[in-house]
Protein chains: 2
Amino acid sequence: MAYVDRGFNSGGGRAAPANSEFPRVGIQNDCTLRPMRHPQHSVLFYEGDKAERLYELDEGVVMLFKLLPDGRRQVVEILNAGSVFGLSAGEVYDCTAESLTPVKVSTLDRNSLEASPSLQQYVTRCLLTQMETLHDHAVLLGRKSAMERVSTFLMRMVPNRGGFACAGPAEDGTDDSRSVTLHMTRQEIADYLGLTIETVSRVISEMKRRGLICIERQDQIRIVNVCRMCQMTGIH
Amino acid sequence: MAYVDRGFNSGGGRAAPANSEFPRVGIQNDCTLRPMRHPQHSVLFYEGDKAERLYELDEGVVMLFKLLPDGRRQVVEILNAGSVFGLSAGEVYDCTAESLTPVKVSTLDRNSLEASPSLQQYVTRCLLTQMETLHDHAVLLGRKSAMERVSTFLMRMVPNRGGFACAGPAEDGTDDSRSVTLHMTRQEIADYLGLTIETVSRVISEMKRRGLICIERQDQIRIVNVCRMCQMTGIH
DNA sequence: CGACGGCTTGAGGCGCTTCAAGTGCGGTGG
DNA sequence: CCACCGCACTTGAAGCGCCTCAAGCCGTCG
């Protein structure tokens, strides 16, 4: 029958496209503008703007979001260094892009994409990674509880854990804790996870109460036991 | 300009990339296997299978879904003719692909993608369209009510309506009704919209009660007034 | 006809949202 | 140094929307 449990799922590991196996050829070429820096909370483009340039994120974190007319917001992607964004199937951007940290971005005329097969290949790989992340996020938004959403969100911040290729806890008996920096307010997290700010806050408080996390700063959280956190994502 | 708006948008019509303006160069080449036909409810590949080939959907409808270990399912994409799928950032498929209707698909070795820039360009465009659909779907899953979700789902079945480039109702006073075929069971719809089967059923009944739709068959619904349905999607 | 599968309907409960205070912390100024 | 302010976050209480569980209905098929 159709729905065999294969015993995996793509759960966590959405490492950024930029890694050793895939060197940052990036989008440098004749049409590349000098990389630009923008402070935190800059809007790089708005949903509906004419989509003339595409962006590569060199440093920092960017979020893409969409708004409904009544003000409801959904953060649809959170992008790390190495990601390409601002490409659109239509004439205009389908999302607004805002920096969550100070960022450095390169931009490129979208026409020059056709000119360079190697660039296109790079872009395609970025898109595929983003697509898998979007698939996972659809599962989160459609099927996970608040606790599972926040756990999944926190695990997303821990590289090389929680996915197929989960490295597992270090074998040498050292503690399996890990400090992560969110770079997001509770409201931004809520809009990413499809929750309200109060629910996010309550879940984080509950995790603290249970000793799963320590709040080191508003946007910096220590996951006391990564493995235990991972158990709560709904993936295991 | 490369990416011409084909009259669909984010909102509703995510018609497949294959249309007159963009001829189906498709993925025909040396490495293409003879197009294959599969009956309804065939699994084309499972999540976790080695991702050796990519697929182009020539005819029919395919859904991609993911499962959580406890059986919760999320349908992450619904693909129409012209779509490319089965590409993966990793070594394995991140979703299961199942046909919702009888389908005809062509497959292609994934290695041959690198060999053909024109093919890669085609694939990139497909991915971009799918990405915008996924963004819209994230908004649906994260921020819309059950009624809005079902309305949005129904509007998705009506080409050229509900988006930016919405053609609007015909001016000649003809009625603005439209019959759509779902090709999906209530359970599949529920798993696509992040709801339960009962909620989907109740919403559809409520729409019928309000005279918004007529049930012509289980999986065929007449939208009595497309404009009125569109008002309920949350997009306006 | 009776069995089956998919859909509908009802009743009750739970989880998240809504609304409304309250808390804590960094920054500013007296 | 401390009072004050603003802002983001937290906490509480109440409500509602969707889920869960359980029948019941309807069309199809042997």
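The shown structure was predicted, so the numbers you read here are calculated from the model rather than taken from an experiment. Basis for what follows: all heavy atoms, side chains included, without hydrogens, waters or symmetry-related copies.
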Engineer: Applying a 4.0 Å non-hydrogen cut-off, can you work out what B/Thr185 is touching in the nucleic acid: base, sugar-phosphate, or nothing?
Structural biologist: sugar-phosphate
Engineer: Under 4.0 Å, heavy atom to any atom of DNA chain C: which of residues 210-221 of chain A qualify?
Structural biologist: none
Engineer: Output all residues satisfying side chain to side chain donor-acceptor pair (under 3.5 Å) with A/Arg217, sequence neighbours left out; order by chain, then residue number.
Structural biologist: A/Asp219, A/Gln220
Engineer: Which pairs with one or both residues in residues 223-236 of chain B pass salt bridge (Lys or Arg N to Asp or Glu O under 4.0 Å), sequence neighbours excluded?
Structural biologist: none
Engineer: Who are the salt bridge (Lys or Arg N to Asp or Glu O under 4.0 Å) partners of B/Arg72, not counting sequence neighbours?
Structural biologist: A/Glu148, B/Asp70
Engineer: With a 4.5 Å cut-off on side-chain heavy atoms, are A/Leu127 and A/Val84 touching?
Structural biologist: no
Engineer: Quick one: salt bridge (Lys or Arg N to Asp or Glu O under 4.0 Å) partners of B/Glu206, sequence neighbours excluded?
Structural biologist: B/Arg209, B/Arg210
Engineer: Separation of A/Asp191 atom CG from D/dC9 atom C1', in whole Å?
Structural biologist: 15 Å
Engineer: How far does OH of B/Tyr55 sit from CZ of B/Phe45, to the nearest 0.5 angstrom?
Structural biologist: 6.0 Å
Engineer: Please enumerate all residues that pass side chain to side chain donor-acceptor pair (under 3.5 Å) together with B/Ser88, with sequence neighbours excluded.
Structural biologist: A/Glu132
Engineer: Output the distance between atom CG (B/Leu182) and atom CD1 (B/Ile189), rounded to the nearest 0.5 Å.
Structural biologist: 5.0 Å
Engineer: May I have the distance from A/Arg186 (atom CZ) to D/dT11 (atom C1'), rounded to whole angstrom?
Structural biologist: 14 Å
Engineer: With a 4.0 angstrom cut-off to heavy atoms of chain A, pull out the first and last contacting nucleotide of DNA chain C, in 5'-to-3' order.
Structural biologist: C/dC16 to C/dC19
Engineer: Is A/Ser205 touching bases, backbone alone, or none of the nucleic acid, heavy atoms closer than 4.0 Å?
Structural biologist: sugar-phosphate
Engineer: Might you list the N or O atoms of the protein lying below 3.5 Å from N or O atoms in nucleotides 17-20 of chain D, with each pair's distance?
Structural biologist:
from, atom 1, to, atom 2, distance (Å)
D/dC18, OP1, B/Ala146, N, 2.8
D/dC19, OP2, B/Thr196, N, 3.3
D/dC19, OP2, B/Thr196, OG1, 3.1
D/dC19, OP2, B/Thr199, OG1, 2.3
D/dT20, O4, B/Arg202, NH2, 2.8

Engineer: A/His137 versus B/Leu134: any side-chain heavy-atom pair under 4.5 Å?
Structural biologist: no
Engineer: With sequence neighbours left out, write down each residue that passes salt bridge (Lys or Arg N to Asp or Glu O under 4.0 Å) with B/Lys208, or none if nothing qualifies.
Structural biologist: none
Engineer: So which heavy atom on A/Gly60 is nearest to which on A/Val103, and how close?
Structural biologist: CA-CG1, 4.0 Å
Engineer: How close or far is atom P of D/dT10 from atom CD of A/Gln187, stated in whole angstroms?
Structural biologist: 12 Å
Engineer: Side chain to side chain donor-acceptor pair (under 3.5 Å) with A/Glu77: which residues, sequence neighbours excluded?
Structural biologist: B/His135
Engineer: Does anything in residues 191-201 of chain B pair up under salt bridge (Lys or Arg N to Asp or Glu O under 4.0 Å), and if so which pairs, sequence neighbours excluded?
Structural biologist: A/Arg143-B/Asp191, B/Arg73-B/Asp191
Engineer: D/dA8 P sits how many Å from A/Ile189 CD1, rounded?
Structural biologist: 14 Å
Engineer: Show me the protein contacts with nucleotides 27-30 of chain D, counting only N or O atoms at under 3.5 Å.
Structural biologist:
none

